[in-house]
Amino acid sequence: MREFMRKARPWASLLVVSGLVAACGGDDDPTGPAFSAEAAEQTADAADEVAAPLESSFEVSANVWNAFGTLIGLGGGAVSPMVPFETARSVDGMKPGSRWSLPSLSPTAPLGVLLPEEVMGVTFAWDVDSDGYVATTEAGAPSNGVRFIYYAVSPFSGQPVEPLNALGYLQFVDASTSTAARLEVDAVRSFGNVQLADYFVQGSLTGNLQTSIVTIESEGFVSDGSEQVAFDITFVVSETATTVTNTASVTLANAFANASISFDYLSTGTEAGVDEEGTFIVEHGNNEAVFDFTGVFVAEPFSCTVEGALSYNGNEVVIFEGDGSNPEFTRPDGSDLTAAEVQALGRIWLAFATTQIFVLEIVAPFFFLLVFAAS
């Protein structure tokens with residue numbers, strides 16, 4: 001798993017880079033106010049409203065990774081992309097071209113069982129001596145699934161701090177059929193009996209010696225205890241002997257804030273580097289900011305070039321190109337943006353980064369479980 005995160009974190013970070021280095025033009029019939037420092041600030045606020053509950057869900061996500069580590073035999077050795085979150089935000093030193101390692105499979109991988117029979121109906125608790133989860137005799141776990149007590153965790157390791165502080169429980173229910181591997185996930189904080197997560201993840205893994213394809217879909221919500229973000233994710237990874245292709249389609253919405261983030265992404269990676277393209281959209285009220293971007297990342301020596309444009313309510317308002325870590329942003333007529341506009345774009349960048357990492361938080365643990373189930 002640590003090897004996977006070594007490979008996956010650069011992918012996430014490259015998405016982070018492309019999130020701000022982009023934008024797109026639209027039609028010439030604007031549907032709302034023109035772009036301005038105030039409009040940029042409002043868009044950044046809306047993006048923050050969607051992203052904040054995702055980042056606050058670290059309480060749950062770190063424990064989910066610890067639980068999955070137990071299910072696939074790694075004990076407490078799982079590594080969440082948000083441990084620590086600031087590390088995953090950084091793009092310094094990240095290099096593209098690293099490849100997902102998918103197993104060699106039969107033409108159709110078997111589906112139907114994700115959780116081993118021995119964990120069904122079992123509640124697991126953290127054991128400080130073994131530094132991992134162990135089975136207990138506690139009642140409450142679903143008969144067709146497993147329950148894990150979750151704890152306050154270290155923001156640096158993602159593992160429970162000592163002395164242990166139990167906060168609630170996670171439940172995984174195996175709802176797989178002969179045609180679809182499906183896991184249903186719930187997280188409940190004991191204080192106030194607050195549901196912090198309720199979603200399903202389902203997928204398939206097929207392939208042979210020449211190519212492997214993973215398709216994962218997820219839908220549901222996560223919460224910071226007060227606001228919910230509903231999400232819908234489709235994620236596909238295909239690998240041949242020389243190429244890895246990632247595609248993602250994601251929508252996240254905070255109904256309380258009347259704001260949403262959505263993006264579509266395509267990357268093609270080889271040992272030499274990664275070519276990418278995508279669209280990232282922030283909607284709030286009747287306003288829409290659309291980022292359209294392309295990027296080229298070379299592995300050795302590392303370099304990143306990007307270009308794109310931003311449209312706001314149908315008008316192209318910003319263009320950019322240059323080095324991925326420091327692209328030049330200008331208005332279409334070549335004039336400079338204001339400092340306030342640049343600052344707002346930076347905030348949108350960080351919100352987009354959070355959504356990318358959140359997708360990894362949801363997709364990657366299920367990916368591991370699916371691979372182990374199909375082995």
Greater than 12 external heavy atoms within 6.0 Å of E184's CD
yes

Check: Y169 ring centroid to F148 ring centroid under 6.0 Å
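No, they do not, as the ring centres are separated by 6.0 Å or more.
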
Inter-residue atom distance [X].[atom1] - [Y].[atom2], 0.5 Å rounding:
X	Y	atom1	atom2	answer
F172	R147	CZ	CZ	12.0 Å
T355	E55	OG1	CD	11.5 Å
I362	I357	CD1	CD1	13.0 Å
E276	F297	CD	CZ	4.0 Å
S267	N246	OG	CG	4.0 Å
E41	I348	CD	CD1	9.0 Å

Under a plain distance cut-off of 3.5 Å, with no hydrogens placed, do D186 and Q195 share a side-chain donor-acceptor pair?
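Judged by distance alone, the side chains do pair up.
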
When you measure from the side chain of [X] to the backbone N and O of [Y], does any donor-acceptor pair fall under 3.5 Å?
X	Y	value
D127	V134	no
T305	G322	no
Y133	I149	yes
S223	E227	yes
T354	L350	yes
N258	H284	no
S218	F200	yes
S262	V250	no
D198	F221	no
N315	V317	no

When you look at E288 and I281, which way does the side chain to side chain contact (heavy atoms under 4.5 Å, CB included) test go after all the steps?
CA-CA 7 Å; E288 181 182 72; I281 301 172; 3.8 Å; yes

Non-neighbouring partners of D45 that pass salt bridge (charged side-chain N to carboxylate O under 4.0 Å, His left out), sequence neighbours left out
R347

Which residues pass the salt bridge (charged side-chain N to carboxylate O under 4.0 Å, His left out) test with E283, sequence neighbours left out?
none

Pair W126, Q159 - check side-chain hydrogen bond (donor to acceptor under 3.5 Å, both in side chains), show working.
CA-CA 10 Å; W126 192 263; Q159 294 191 341; 5.8 Å; no

For R182 and L114, what are the C-alpha separation, side-chain angles and deciding distance, and is it a side chain to side chain contact (heavy atoms under 4.5 Å, CB included)?
CA-CA 8 Å; R182 179 182 173 111; L114 283 171; 5.6 Å; no

Sort out for me which residue in D264, T234, T279 forms a side chain to side chain donor-acceptor pair (under 3.5 Å) with S249.
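Among D264, T234, T279, the one meeting side chain to side chain donor-acceptor pair (under 3.5 Å) with S249 is D264.
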
Show your working on side chain to side chain contact (heavy atoms under 4.5 Å, CB included) between T211 and T240 and close with a plain yes or no.
CA-CA 4 Å; T211 183; T240 67; 4.1 Å; yes

Evaluate the side-chain proximity of F293 to V306: yes if any heavy-atom separation is below 4.5 Å, no if none is.
no

Note: E341-R331 ion pair, threshold 4.0 Å (strictly below):
yes

What do the steps show when you test V50 against F231 for side chain to side chain contact (heavy atoms under 4.5 Å, CB included), and what is the final call?
CA-CA 10 Å; V50 178; F231 64 87; over 6 Å; no

May I ask you to decide if the ring planes of F263 and F352 are parallel, tilted or perpendicular, using 30° and 60° as cut-offs?
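Ring orientation, 0 to 90° scale: perpendicular.
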
